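Please read the structure below before turning to the comments.
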Amino acid sequence: QVQLVESGGGLVQAGGSLRLSCAASGRTFRTTYMGWFRQAPGKEREFVAAIGGSAVSTYYAESVKGRFTISRDNAKNTVYLQMDSLNPEDTAVYYCAAPLAKIGESWSAGYWGQGTQVTVSS
C-alpha cells in the first residue's frame with residue numbers, strides 16, 4: 001500500500017519559515033517527479049513545486065519562486081519543501097503528491113498525502 005505522509009506544518013508569523021517533509025512508503029519514487037500542492041479555504045488546489053528524480057529539474061509556481069525550495073532524499077524516499085519569507089497568502093493545506101507527470105502547464109499525480117496545515121499570521 002502506497003502512502004505519502006506529510007509533516008512539519010504549523011502556525012508561523014509573517015516573515016517566518018517552515019520546512020515540510022513528505023515520507024513515501026510502499027514503493028520508491030526515486031525516478032519520478034515528486035511535488036507539493038496547496039489548497040487555501042474557498043480556493044482550488046494549486047501547484048506549488050516539483051522536483052525530478054535526480055533533483056536536477058525543479059519547477060515552482062510564480063507565487064513562491066525565490067521563497068520556497070524543494071529538495072529530496074532518495075535514500076529516504078522523502079521530499080521536502082523549505083518555505084521562507086512566508087506571508088498570510090501562503091496559508092493553506094499543503095499536500096505531497098507522487099509520481100507527478102507534467103502535461104502542458106498542468107501536473108497530474110498518482111498518489112496524494114493527507115495534507116498538513118500551514119497558517120501564517122500577519
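Just so it is clear, the structure is predicted and the values come from calculations on it, not from any experiment. All residue numbers in this chain count up from 1 along the given sequence. Hydrogens, waters and symmetry mates play no part in the numbers below; they use all other heavy atoms, side chains included.
A distance-only check finds no donor-acceptor pair linking the side chain of Gln39 to the backbone of Ala92 [under 3.5 Å]. In terms of modelled atom types and a separation under 3.5 Å, the side chain of Arg27 and the main chain of Val2 share no donor-acceptor contact. For Asn74 (side chain) and Gly53 (main-chain N/O), a donor-acceptor pair under 3.5 Å exists by modelled atom type.
Between the OG atom of Ser108 and the NZ atom of Lys102 there is a distance of 11.0 Å, given to the nearest 0.5 Å. Note: Asp90 CG to Ser85 OG = 9.5 Å, rounded to the nearest 0.5 Å.
Cluster annotation: Phe47 and Trp112 are assigned to the same hydrophobic cluster (Ile/Leu/Val/Met/Phe/Trp/Tyr, side-chain heavy-atom contacts under 4.5 Å, transitive). Under a hydrophobic clustering in which Ile, Leu, Val, Met, Phe, Trp and Tyr are joined whenever their side-chain heavy atoms come within less than 4.5 Å, directly or via other members, Leu18 and Tyr80 fall into different clusters. A chain of hydrophobic side-chain contacts below 4.5 Å, direct or via other Ile, Leu, Val, Met, Phe, Trp or Tyr residues, connects Tyr111 to Val48.
The shortest heavy-atom contact between Leu4 and Cys22 is CB-SG, 3.9 Å. Contact record, Ala14 with Pro88: CB-CD, 4.2 Å, taken as the closest heavy-atom pair. Residues Gly115 and Glu6 share a closest heavy-atom pair of N-OE1, 2.9 Å. In this structure, Thr32 and Arg72 approach most closely via the heavy-atom pair O-NH1, 2.8 Å.
Partners of Asn77 under the side-chain contact (heavy atoms from CB on, under 4.5 Å) rule, at least two apart in sequence or in another chain, are Ala24, Thr28, Phe29.
If you look at Trp107 and Tyr33, their ring centroids are closer than 6.0 Å.
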- [ ] Report the C-alpha separation of Phe37 and Leu100 in whole Å, then their side-chain angles, then the decisive distance to 0.1 Å, and conclude whether the side-chain contact (heavy atoms from CB on, under 4.5 Å) test is met.
- [x] CA-CA 11 Å; Phe37 294 72; Leu100 295 182; 3.8 Å; yes
Open item on the list: side-chain contact (heavy atoms from CB on, under 4.5 Å), that's the test. Do Arg45 and Tyr95 meet it? Break it down for me.
Closed with: CA-CA 9 Å; Arg45 187 163 52 191; Tyr95 297 91; 4.0 Å; yes
Open item on the list: Applying side-chain contact (heavy atoms from CB on, under 4.5 Å) to Met83 and Val120, what does each step give before you reach the verdict?
Closed with: CA-CA 11 Å; Met83 305 186 295; Val120 184; over 6 Å; no
Task: Stepwise side-chain contact (heavy atoms from CB on, under 4.5 Å) test for Cys96 and Trp36 - done: CA-CA 5 Å; Cys96 172; Trp36 294 91; 4.0 Å; yes
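If you run side chain to side chain contact (heavy atoms under 4.5 Å, CB included) between Arg38 and each of Leu81, Val64, Thr91, Thr116, only Val64 comes through.
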